[in-house]
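Naming: A, B, ... by sequence-line order, numbering from 1 per chain. Note that the coordinates shown come from a computational prediction; the quantities given were computed from them, not determined experimentally.
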Amino acid sequence: MRPTRKDAYKLFHEGTLALADVERNGIKIDVPYLKNQSEKIKKRIQKNQDLFIQSELGIAWKSVFKEKTNFDSGFQLSKLFQILGIKVKNITEKGNISVDEKSLNELVKSIPEIDILLRMRKLKKLEGTYIKNILESCFDGYCHPSFNLHKVRTYRSSCSEPNFQNIPIRDKEIGNIIRRAFIPRQGRKLLECDYTGIEVRIACCYHKDPVMVSYIKDKTKDLHRDMAMQCYSLDKDQITKDIRYCGKNKFVFPQFYGDYYVNCAKNLWEAIDEMDLKTAQNIPIKEHLSSSGIKTYSAFEKHIQKVEKDFWEVKFKKYTEWKKLHYKRYLQYGYFDTLTGFRCSGLMSRNDVINYPVQGSAFHCLLWSLIQVQNILKEKNMKSLIVGQIHDSIILDIESSEEEEICEILKNIMTKKIIEHWDWIIVPLDIEIEITPINGSWNEKKEKSK
DNA sequence: CCAGGACGCGCG
DNA sequence: AAAGCGCGCGTCCTGG
């Protein structure tokens with residue numbers, strides 16, 4: 001760890017103490033539920049395996065690998081594909097046949113039993129990585145993950161034994177099963193408080209791009225929607241939730257992290273069929289693109305290249321200037337300092353240099369807030385407890401009667417006090433609060449009405 | 001037999 | 001010229 005200033009040292013010193021409290025508090029686990037689920041999931045895995053063995057692919061697998069057959073082995077599967085002459089588009093970094101979910105999904109049409117294999121993988125991940133691990137690390141019904149501040153290059157935190165920061169949520173079915181196991185103490189609620197779009201906002205504090213700042217300050221503006229419009233050549237009234245999602249996750253964020261138009265174009269294009277994208281007026285996107293003169297993939301790629309050029313050279317000119325200057329300074333000095341006072345040095349790629357300071361400082365906003373909230377809870381002798389942290393969110397186990405006071409404290413610290421504390425924060429910060437019912441589990445969290 | 005590489009996959 | 005950032009953890013597999 002290389003703090004360059006006293007306040008940076010202080011942040012991590014106090015952060016360590018506060019996180020030690022969080023670790024000691026622990027999060028309550030519904031152990032009987034989890035044990036029951038473990039059995040159920042194991043049975044489902046077995047059922048799928050029985051089904052797969054009898055499938056054409058399963059039989060071929062057995063005839064090739066005999067007693068060594070192992071349906072968990074990606075190595076065997078890629079060998080099998082080679083032998084059977086099954087073509088797979090994607091390859092791994094080391095040049096081997098890729099058998100990840102995306103590659104396999106492309107084969108489902110011609111080999112339907114692949115679906116069973118994918119199902120098995122999902123359930124095994126759930127049981128092996130989550131259910132089993134949480135049960136094993138549970139002590140007296142409480143799980144006490146370790147929150148580390150000394151292990152990440154960007155000065156973010158990490159979490160282990162178990163890793164509380166990667167509990168499934170994107171896959172609804174899997175997410176519900178596992179999050180149902182995280183519960184509040186008797187008669188209480190779980191509360192999760194997120195910083196909304198913290199990395200984009202903290203990036204503004206570095207590049208100070210006026211266009212980006214106005215996107216954040218002006219609530220009628222919407223960058224993800226605007227970029228979705230440009231990428232798919234649409235008007236405002238043609239945008240749907242799915243189309244905006246693609247603008248956000250297949251153009252804007254990848255671009256911020258340093259991706260380039262070839263990948264973006266590919267992902268935006270593939271999403272059209274995968275998600276069956278249609279305009280709000282129900283016109284299929286490819287049809288729409290075609291009538292706007294973009295008839296082939298190659299034309300689409302050229303179009304996205306132009307969108308990218310406009311994005312960085314026209315729209316966010318000042319952002320681009322910062323990236324250039326910041327990287328140049330790194331090349332000159334061999335290091336750079338974050339706004340929060342930490343030094344990053346050593347060999348880094350251009351993308352690393354641009355991303356590290358933002359990722360680190362964004363987390364430091366969360367850490368600083370967590371420390372303040374923890375101190376207030378102690379000073380006021382409150383019963384609510386902080387039980388976890390996930391990069392841009394704090395999770396509390398709250399006494400119901402303290403709910404309103406807790407929300408006030410969170411809002412005050414995370415959106416007001418922090419701006420007073422760090423004068424380099426030049427954009428407003430905002431939070432979102434989600435709460436479970438009394439005795440409700442983590443999968444029942446709902447946004448608190450304001 | 002163990003350590004570590006490779007891969008896959010979960011989250012922000 | 002390069003070509004998306006950060007983690008932890010499970011399994012399989014190879015090489016010492």
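- With rounding to whole Å, A:Q165 atom CD is found 15 Å from C:dC5 atom C1'.
- In this structure, OH of A:Y130 is placed 6 Å from P of B:dC11, rounded to the nearest angstrom.
- The base of B:dG8 lies outside donor-acceptor range of the side chain of A:D100, with no N or O pair under 3.5 Å.
- With a cut-off of 3.5 Å on both Watson-Crick or G-U wobble distances, the partner of C:dC9 is given as B:dG8.
- Residue A:E199 is classed as having no contact, given no heavy-atom separation below 4.0 Å to the nucleic acid.
- Side chain A:Q359 to base C:dC5: a donor-acceptor pair is found below 3.5 Å.
- Contact annotation for A:I169: backbone-only contact, meaning every heavy-atom pair under 4.0 Å involves sugar-phosphate atoms and none involves a base.
- In this structure the side chain of A:D209 never reaches within 4.5 angstrom of the side chain of A:C204, judged on heavy atoms.
- Aromatic ring orientation, A:W322 versus A:H326: parallel (interplanar angle below 30°, classes split at 30° and 60°).
- Residue A:R350 is classed as having no contact, given no heavy-atom separation below 4.0 Å to the nucleic acid.
- Distances from the side chain of A:N166 to the nucleotides C:dC9, B:dG12, C:dG8 place C:dG8 closest.
- A:V262 comes within 4.0 angstrom of nothing in the nucleic acid, heavy atoms only.
- Using a 4.5 Å heavy-atom threshold, the side chains of A:W422 and A:I425 count as touching.
- Exactly one residue among A:R179, A:R44, A:K122 makes a salt bridge (charged side-chain N to carboxylate O under 4.0 Å, His left out) with A:E173. That residue is A:R44.
- Residue-to-nucleotide contacts include no donor-acceptor pair under 3.5 Å from the side chain of A:R121 to the base of B:dG8.
- At a cut-off of 3.5 angstrom, counting only N and O atoms as typed in the model, there is a donor on one side and an acceptor on the other between the side-chain of A:R170 and the base of B:dG12.
- Atom CZ of A:R179 is separated from atom P of B:dG10 by 13 Å (rounded to the nearest Å).
- Residue contacts for A:G128: at a heavy-atom cut-off of 4.0 Å it reaches the sugar-phosphate backbone alone, with no base atom in range.
- Atom CD1 in A:I178 sits roughly 12 Å away from atom P in B:dC11 (whole-Å rounding).
- OP1 or OP2 of C:dA2 has not a single side-chain nitrogen or oxygen of A:N351 nearer than 4.0 Å.
- Put simply, A:K125 has no side-chain N or O that comes within less than 4.0 Å of OP1 or OP2 on B:dC9.
- Between A:N263 and the phosphate of C:dG4, there is a side-chain N or O to OP1/OP2 separation shorter than 4.0 Å.
- Between A:K323 atom NZ and C:dC5 atom P there is a gap of 13 Å when expressed in whole angstrom units.
- Of all nucleotides listed (B:dC7, C:dC5, B:dG12), C:dC5 comes nearest to the side chain of A:D352.
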(message) Evaluate A:L367 against A:L19 for side chain to side chain contact (heavy atoms under 4.5 Å, CB included), listing each step before the verdict.
(response) CA-CA 9 Å; A:L367 184 62; A:L19 288 172; 4.1 Å; yes
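- Taking 4.0 angstrom as the limit, A:Y356 places a side-chain polar atom (N or O) nearer than this to OP1 or OP2 of C:dG6.
- For the pair A:D7 and A:R5, the salt-bridge criterion is met [side-chain N within less than 4.0 Å of a carboxylate O].
- At the heavy-atom level, A:S157 lies nowhere under 4.0 Å from the strands shown.
- As a whole-Å value, the separation of A:E101 CD from B:dC11 P is 11 Å.
- Across all strands, A:K122 comes closer than 4.0 Å only to sugar-phosphate atoms, never to a base (heavy-atom distances).
- The side chain of A:T129 places no N or O atom within less than 4.0 Å of a non-bridging phosphate oxygen (OP1 or OP2) of B:dG10.
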(message) Between A:Q389 and A:S157, does the side chain to side chain donor-acceptor pair (under 3.5 Å) criterion hold? Intermediate values first, please.
(response) CA-CA 9 Å; A:Q389 161 268 124; A:S157 68; 3.2 Å; yes
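- Remark: A:T92 is in phosphate contact with B:dC7, judged by side-chain N or O atoms under 4.0 Å from OP1 or OP2.
- Between A:F256 and A:W312, the angle of the ring planes goes over 60°, which puts this pair in the perpendicular group of the 30/60° scheme.
- For A:N163, no side-chain nitrogen or oxygen approaches OP1 or OP2 of B:dG10 to under 4.0 Å.
- Contact annotation: A:R153 reaches the phosphate of C:dG6 (side-chain N/O to OP1 or OP2, under 4.0 Å).
- Picking from C:dC12, B:dG12, C:dG10 the nucleotide with the shortest atom distance to the side chain of A:D72 gives C:dC12.
- A:Q255 comes within 4.0 angstrom of no nucleic acid atom, judged by non-hydrogen atoms across all strands.
- Contacts of A:N355 with the nucleic acid, taken as non-hydrogen atoms under 4.0 Å apart, involve only primed sugar atoms and P, OP1 or OP2.
- Separating the NZ atom of A:K124 from the C1' atom of C:dT11 is a distance of 10 Å, rounded to the nearest angstrom.
- Contact check, A:S160 against C:dC7: no side-chain N or O comes under 4.0 Å of OP1 or OP2.
- When rounded to the nearest whole Å, the span between CD1 of A:I97 and P of B:dA6 equals 18 Å.
- For A:I390, the side-chain atoms get nearest to B:dG12 when compared with the rest of B:dG12, C:dG8, C:dA3.
- Counting any heavy atom pair closer than 4.0 Å across all strands shown, A:F256 reaches no nucleic acid atom.
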